[in-house]
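Order of listing sets the numbers, starting from 1, for every ligand and every atom in it.
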Amino acid sequence: MPKYGPEDSKRSPRFTGIRTYARLPHVSGSLSDTDVAVLGIPFDTGATFRVGARFGPERIRSASALIRPYHTASAISPFDYLSVVDYGDIAVVPGYIEESQVRIRAGLQQILEQRVIPISMGGDHSISLPELRAIAAAYGPVGLIDFDAHSDTSDEYFGQPYTHGTPFYHAIREGLIDPSRAIQIGLRGPVYSKRDYEIPVELGMEVITAAEVHGLGIAETARRVRARAGVGPVFLTFDIDFVDPAFAPGTGTPEVGGFTTWESQALVRELHGIRFVGFDVVEVLPDYDVAETTSLLAANLIFEFLTLLACSVRGQR
Ligand code: MN
Ligand code: MN
C-alpha cells in the first residue's frame, strides 16, 4: 500500500481536522515513499486585473474535503496506486515577483529532485513560469497542455516582462517548452487585436479556440491534444477561466462563452497515455466565488490529474 493517503471520511467526519488537499497528510521536507505532492503557491502579484488568488490554495483545500477516494468513471482509486501528500505552501514574497519566482522555482526543484510529481494550486498564472523553469531543469524542454481563455503570450505589460499575461512567451523564449508539443485550448473573448491569436502560433504552439472546441466536441478536441502532446514529458496547466464564469465565477479575468464543469472534467479525463511530469490549477479567486463552485471544481480537477497518473501506473503494472 502507498505510504501516504487520505483520511477515511467514514471514520472521521470530513469537516474535522486541519484542512489539507483531500484530507491527505501534510508532509514537508523529505518526501520518501511519495509519488505526488499537492502544494499551494499563494501568489497573485502577477494579476493585471482583480487580485486575491493568493487565497486560492486555502479555499481549494477547504472544498477538497468532499473528495472521495474512488474515481467512478475510470474505475480506480488513485490512492491505491499513488502515495500523495499535501506539501503545504511555498513562502512567496507578496509584491515582489522576481524574488517569488526564485522561491517558487526552488520549491518545485526540491520536490522534483526527490522524483515526486508536483500538482500546484495557484495563485495567478504567472507562477507557471518559475514552475516550468524547475520542470525544464529536471526534464529538459517539456510539452505543454494549457487550458485557458487567454494565451498569456504577451511579451510585456506596462513595460514589465512578468505578469500573469506573459508566462508562456517567456517560457518558450527561455527554451522551457518544446512548442512543437505545446497546445493552448479555449482561447476566446475580446482581445487587444488579432495579434493575440497570431503570437502563440508564431511561437510554434497549436491553438484550439473556444469556438473551435464548441464545434469539434470534447472527444475530438482531446484526440488533438493527445496527438500534439506526443510521447515526451508534459506539463498541464489549467487556468480556471477556461471554464465559463457561470460555472467558475471566482477568477480574476472571466470570459463568457466558456465551458461547463462537465466539459472541463471530461476533457481532462480523456488525456490518457500522456507522460505528465507536473500540473497546476491557477486563477482561483475566492472573493468572487459563489457557493464554492470554482474552488470545488479546482479540487475535482486535481482529483482528475491524480486519476490520470494512477491510470498510467496501473497500465505499467
Ligand atoms: Mn492564464
Ligand atoms: Mn486566463
Over-ring placement of Arg50 relative to Tyr288, 6.0 Å and 45° cut-offs: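 Flagged: Arg50 positioned over aromatic ring of Tyr288.
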Assess Arg181 against Phe235: is NZ or CZ under 6.0 Å from the centre of the six-membered ring, and within 45 degrees of the ring's axis? no
N, O or S atom within His150 nearest to the Mn ion (ligand 2), by name: ND1
Name of the Asp241 atom (N/O/S only) found closest to the Mn ion (ligand 2):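 The Mn ion (ligand 2) is closest to the Asp241 atom OD2, counting only N, O or S.
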Minimum-distance N/O/S atom that [X] presents toward the Mn ion (ligand 1):
X      : result
Asp148 : OD2
Asp239 : OD2
His125 : ND1
Asp152 : OD2

Return the orientation label for the Tyr157 and Tyr192 ring planes: parallel under 30°, perpendicular over 60°, tilted otherwise.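 Perpendicular: the ring planes of Tyr157 and Tyr192 meet at over 60°.
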Please state whether the rings of Phe242 and Phe259 are parallel, tilted or perpendicular, taking 30° and 60° as the class boundaries.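 Rings of Phe242 and Phe259: parallel, as their planes differ by under 30°.
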Examine Asp146 and say whether one of its N/O/S atoms is closer to the Mn ion (ligand 1) than 2.8 Å. no
Where do Leu39 and Pro118 come nearest, in terms of heavy atoms and distance? CD2-CB, 4.0 Å
Taken to the nearest 0.5 Å, the spacing of Ile274 CD1 from Phe276 CZ works out to 4.0 Å
